Amino acid sequence: MDLSGKKTAIIMITTALWLIITFLGWNNAYLVSMYLGVVLMLLYMMLGTARQGKISKKLFFYCLFPWAILWIVSFSLADYYANLFAGVVPTFTVLGFHPSFAATVFGYWIGGMLTLTLMYMTFKDEWMSQEYWDDFTKKIKEIDKIEEPEEGGAL
């Protein structure tokens, strides 16, 4: 997917999402704001994993998209169990956690991190090949040479 011509639009969308999420949070529409937060994070991850404006479809569909689905399912389960057991002690726990908190811990927190870590390791050449890393370090060294002050000169 080519994002090179869409970067400005994506940044504008993320800015609007921040405003909408904040407004929804102020108005207790937390579940919708969390879903929009997933979209926000997905857009940031797409920009972050794009290489020269292009994101690998493999990286998107086998890494970022499953992560987003997992977070949405986690938030939905947390909301469901929070409403189901609102004001009462739950009839069961998940490893000692309230079911709504368990969905958050295992889906959002641990599941999200494991999904991204495993998929990034599996598809590491899709987002950071050795050739790309070598080009990046070469550019940094060139920048360092340009910015070095002359010997005996002021900083």
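Computed from a prediction, not measured in an experiment: that's the story for all the values here.
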Is there a donor-acceptor pair closer than 3.5 Å between any side-chain N or O of Ser74 and the backbone N or O of Tyr108?
yes
Decide if the gap between the ring center of Trp133 and the ring center of Phe136 is smaller than 6.0 angstrom.
yes
Ser100 side chain near Phe85 side chain, heavy-atom distance below 4.5 Å:
no
Mind checking whether Trp109 and Leu31 sit in one hydrophobic cluster, side chains of I, L, V, M, F, W, Y counted as touching below 4.5 Å?
yes
If you define the side chain from C-beta out and look only at heavy atoms, does anything of Leu3 sit under 4.5 Å from Met46?
yes
Any chance you could measure Leu17, atom CG, to Met12, atom CE, to the nearest 0.5 Å?
11.5 Å
More than 12 heavy atoms of other groups within 6.0 Å of Phe106 CZ
yes
Test log, rule side-chain contact (heavy atoms from CB on, under 4.5 Å), inputs Ile11 and Leu47
CA-CA 9 Å; Ile11 295 300; Leu47 288 174; 3.7 Å; yes
Find out if a path of hydrophobic residues (ILVMFWY) with successive side-chain heavy-atom gaps under 4.5 Å connects Tyr81 to Leu95.
yes
Do the side chain of Ser33 and the main chain of Tyr30 share a donor and acceptor less than 3.5 angstrom apart?
yes
Once rounded to the nearest 0.5 Å, what's the spacing between atom CD1 of Ile13 and atom NZ of Lys6?
10.5 Å
side-chain contact (heavy atoms from CB on, under 4.5 Å) for Met45 and Leu116? Distances and angles first, verdict last.
CA-CA 11 Å; Met45 287 192 293; Leu116 291 179; 4.0 Å; yes
Got Asp125 and Tyr132 here, is their nearest side-chain heavy-atom distance under 4.5 Å?
no
Rounded to the nearest 0.5 Å, what separates atom OG1 in Thr115 from atom CG in Leu70?
4.5 Å
What's the separation between atom CD1 in Ile140 and atom OG1 in Thr137, rounded to the nearest 0.5 Å?
8.5 Å
Using 30° and 60° as the class boundaries, would you call the ring planes of Tyr44 and Trp18 parallel, tilted or perpendicular?
tilted
Minimum heavy-atom distance Cys63-Met119, with the two atoms named:
SG-CB, 3.4 Å
Under 6.0 Å from the CE atom of Met1, do we count more than 12 heavy atoms belonging to anything else shown?
yes
Roughly how far, to the nearest 0.5 Å, is the CG atom of Leu64 from the CZ atom of Phe123?
11.0 Å
Verdict with supporting geometry, Tyr120 and Leu59, side-chain contact (heavy atoms from CB on, under 4.5 Å):
CA-CA 8 Å; Tyr120 278 144; Leu59 190 63; 3.7 Å; yes
What I'd like to find out is whether the side chain of Pro99 reaches to under 4.5 Å of the side chain of Phe92, using heavy atoms alone.
yes
Euclidean distance, Lys141 NZ relative to Lys138 NZ, rounded to 0.5 Å
10.5 Å
Just say parallel, tilted or perpendicular for the rings of Tyr35 and Phe75, cut-offs at 30° and 60°.
tilted
Val105 side chain near Val94 side chain, heavy-atom distance below 4.5 Å
no
Ile20 vs Leu24, side-chain contact (heavy atoms from CB on, under 4.5 Å): CA-CA, chis, key distance, verdict
CA-CA 6 Å; Ile20 294 166; Leu24 290 170; 3.7 Å; yes
Given side chains that start at C-beta, do those of Leu36 and Leu40 come closer than 4.5 Å, heavy atoms only?
no
Can you name the closest pair of heavy atoms from Lys7 and Gly53 and give their distance?
CE-CA, 4.3 Å
Same apolar cluster (I L V M F W Y, side chains within < 4.5 Å links), Leu43/Phe61
yes
Has the side chain of Ser56 got a donor or acceptor atom that lies under 3.5 Å from a matching backbone atom of Lys58?
yes
Fit a plane to each ring of Trp67 and Trp71, take the angle between them on a 0 to 90° scale, and name the class: parallel (under 30°), tilted (30 to 60°) or perpendicular (over 60°).
tilted
Is there a continuous path of hydrophobic side-chain contacts, each under 4.5 Å between heavy atoms, that joins Leu42 to Leu118?
no
In terms of hydrophobic clusters joined by side-chain contacts under 4.5 Å, are Phe23 and Leu19 together?
no
Flag the pair Ile69 / Val38 as yes when at least one side-chain heavy-atom distance between them is below 4.5 Å, and no otherwise.
no
Flag, side chain of Ser76 to backbone of Ile72, donor-acceptor distance under 3.5 Å
yes
